[in-house]
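Counting starts at 1 for both ligands and their atoms, following the listed order.
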Amino acid sequence: MSLKEKAVLVTGGAGYIGSHTVRQLVEHSASRVVVLDSLERGHGASILDPSVKLFTGDIADSDLVEEIFTAFEIEAVIHFAAYTYVGESVAEPLKYYRNNTAAPLTILEAMQRHGCKQFIFSSTAATYGNPVSMPMTEEHPQQPINPYGASKLMLEQIIRDCETAWGLRAVFLRYFNASGCAPDAAIGEDHDPETHLIPLILMAISGEREHITVFGEDYETPDGTCVRDYIHVLDLANAHLKALDYLGKGGSTVACNLGTGKGVSVREMLTIAESVTGTKVPVIYGERRPGDPGELVADSARAKELLGWEAEYTDVRDIVATAWKWMTGPAKGRYANVKR
Ligand SMILES: NC(=O)c1ccc[n+]([C@@H]2O[C@H](COP(=O)([O-])OP(=O)(O)OC[C@H]3O[C@@H](n4cnc5c(N)ncnc54)[C@H](O)[C@@H]3O)[C@@H](O)[C@H]2O)c1
């Protein structure tokens, strides 16, 4: 019998979605929570609970990964660590394939060596590419249109091959648009550069940016602007706990979309943000960006059926309100502003 402490390893646990998930894990999991994050794009200050063991380093560092698997009995890995900018992936594809596809092999190799067979993977709607049907189920063709989506799809395939070879079991959580922050505003979203719509709108409202640019108003959508499915980060975090439970009960490898199933257009989001904050948004309209589909909305029925998961934040106003609270609270939307 192993005398090592049982733990769940969270890669990228100091990032936006990772830190919200770590917080929920600490509250609900019987196992120790161990984070491995380079802090290149994350924040040590987003890990609030002192019981969480943070290893600062790269997932591709095989010595460090081995140290973690030797020190703890890792029962499951939740893998968030990745680069996440579509535009950057187009400009620097090799950087994305190295970090998002190749680097996780070090984790998978350690899992195989140590007999850890449960893996939860932050996959993405970007693995689908241009939609051919709406809402999108997990059976939708996966034809990514940028290296970011392709780098994630390749890892899905690698994981399936590991399942065949040595019995790894995984849940691919294909998130749609992660948004919102912890309602107590103790942690939040702090990306640099910021590319997500809700924080960009709120930054334009708070004066941190001059305006928000809407890319394209001639899409075949009801008001001509892009429609997306915004899913609250706490709902995403909760799905990881449910996925752990599913794998713990012997569940086999599966992909699950995570969204609310409700599309919100950019124009609708501007109106909602104005109403939540009581302030007008300075907007300019630009051309469409290449590679932006008009509409992306999830069918998350499978997550409900297999994981017992459903989004609780179904009104996007509540999502915007939590993001606004983070941006107007002591942190002003930036971890550097918080003294801990
Ligand atoms: N934000 C979204 O809307 C969204 C949508 C779909 C999928 N995802 C996926 O969810 C995951 C988390 O996204 P996020 O928005 O929280 O991103 P994030 O950038 O805030 O978090 C990623 C974390 O991973 C760390 N990291 C990156 N490469 C690393 C490496 N090689 N070794 C160690 N740590 C490393 C970063 O420092 C960062 O803390 C990513 O895998 C992303 O692709 C995000």
Exercise. Tell me which part of H43 gets within contact of ligand 1: side chain, backbone, both or neither, using heavy atoms under 4.0 Å.
Key: neither
Exercise. Report the relative orientation of the aromatic rings in H232 and Y313; use parallel for angles under 30°, tilted for 30 to 60°, perpendicular for over 60°.
Key: parallel
Quiz prompt | Part of R174 with heavy atoms under 4.0 Å of ligand 1, whether side chain, backbone, both or neither | solution = neither
Exercise. Indicate, as side chain, backbone, both or neither, the part of A103 found under 4.0 angstrom from ligand 1 when only non-hydrogen atoms are considered.
Key: neither
Quiz item: Which residue and non-hydrogen atom of the protein lie closest to atom 2 (C) of ligand 1, and at what distance in Å?
Solution: A178 CB, 3.5 Å
Exercise. If you have a sec, work out which protein heavy atom is nearest atom 11 (C) of ligand 1 and how many Å separate them, to one decimal?
Key: F80 O, 3.4 Å
Quiz item: Do you know which of Y175, F121, Y246 makes ring pair (Phe, Tyr, Trp, His ring centres under 6.0 Å) with H240?
Solution: Y175
Practice problem: Report the part of I17 (side chain from C-beta onward, or backbone N, CA, C, O) that has a heavy atom under 4.0 Å from ligand 1; answer both or neither where that applies. | Solution: both
Quiz prompt | Proximity of H191 to ligand 1 by residue part, where a heavy atom lies under 4.0 Å | solution = side chain
Quiz prompt | Whether G57 lies under 4.0 Å from ligand 1, heavy atom | solution = yes
Quiz item: Does S123 have a heavy atom less than 4.0 Å from any atom of ligand 1?
Solution: yes
Quiz prompt | Nitrogen or oxygen of Y148 less than 3.5 angstrom from that of ligand 1 | solution = yes
Practice problem: Please name the residue in the list M136, K152, E156 that meets the side chain to side chain contact (heavy atoms under 4.5 Å, CB included) test with R174. | Solution: E156
Quiz item: CD1 of I212 to OH of Y285: how many Å apart, nearest 0.5 Å?
Solution: 10.0 Å
Practice problem: May I ask you to check whether T84 has an N/O atom sitting below 3.5 Å from an N/O atom of ligand 1? | Solution: no
Quiz item: If hydrogens are left out, which of A82, A125, P104 has an atom nearest to atom 22 (C) of ligand 1, that is, the closest non-hydrogen atom?
Solution: A82
Exercise. Quick one: sort the H140 and Y128 rings into parallel, tilted or perpendicular, breaks at 30° and 60°.
Key: perpendicular
Quiz item: Do ligand 1 and Y83 have nitrogen or oxygen atoms that lie under 3.5 Å from each other?
Solution: no
Quiz item: What do you reckon, does N99 put a non-hydrogen atom under 4.0 Å from ligand 1?
Solution: yes
Exercise. Looking only at protein heavy atoms, identify the closest one to atom 37 (O) of ligand 1 and say how far it is in Å.
Key: D37 OD1, 2.7 Å
Self-check item: Region of F176 engaging ligand 1 - heavy atom pairs below 4.0 Å
Solution: backbone
Practice problem: Answer yes or no for A14: is there a heavy-atom contact with ligand 1 below 4.0 Å? | Solution: yes
Quiz item: Say you draw a straight line from CG of D299 to OG1 of T137; how long is it, rounded to the nearest 0.5 Å?
Solution: 6.0 Å
Quiz prompt | R334: which of E208, E189, E194 passes salt bridge (charged side-chain N to carboxylate O under 4.0 Å, His left out) | solution = E208
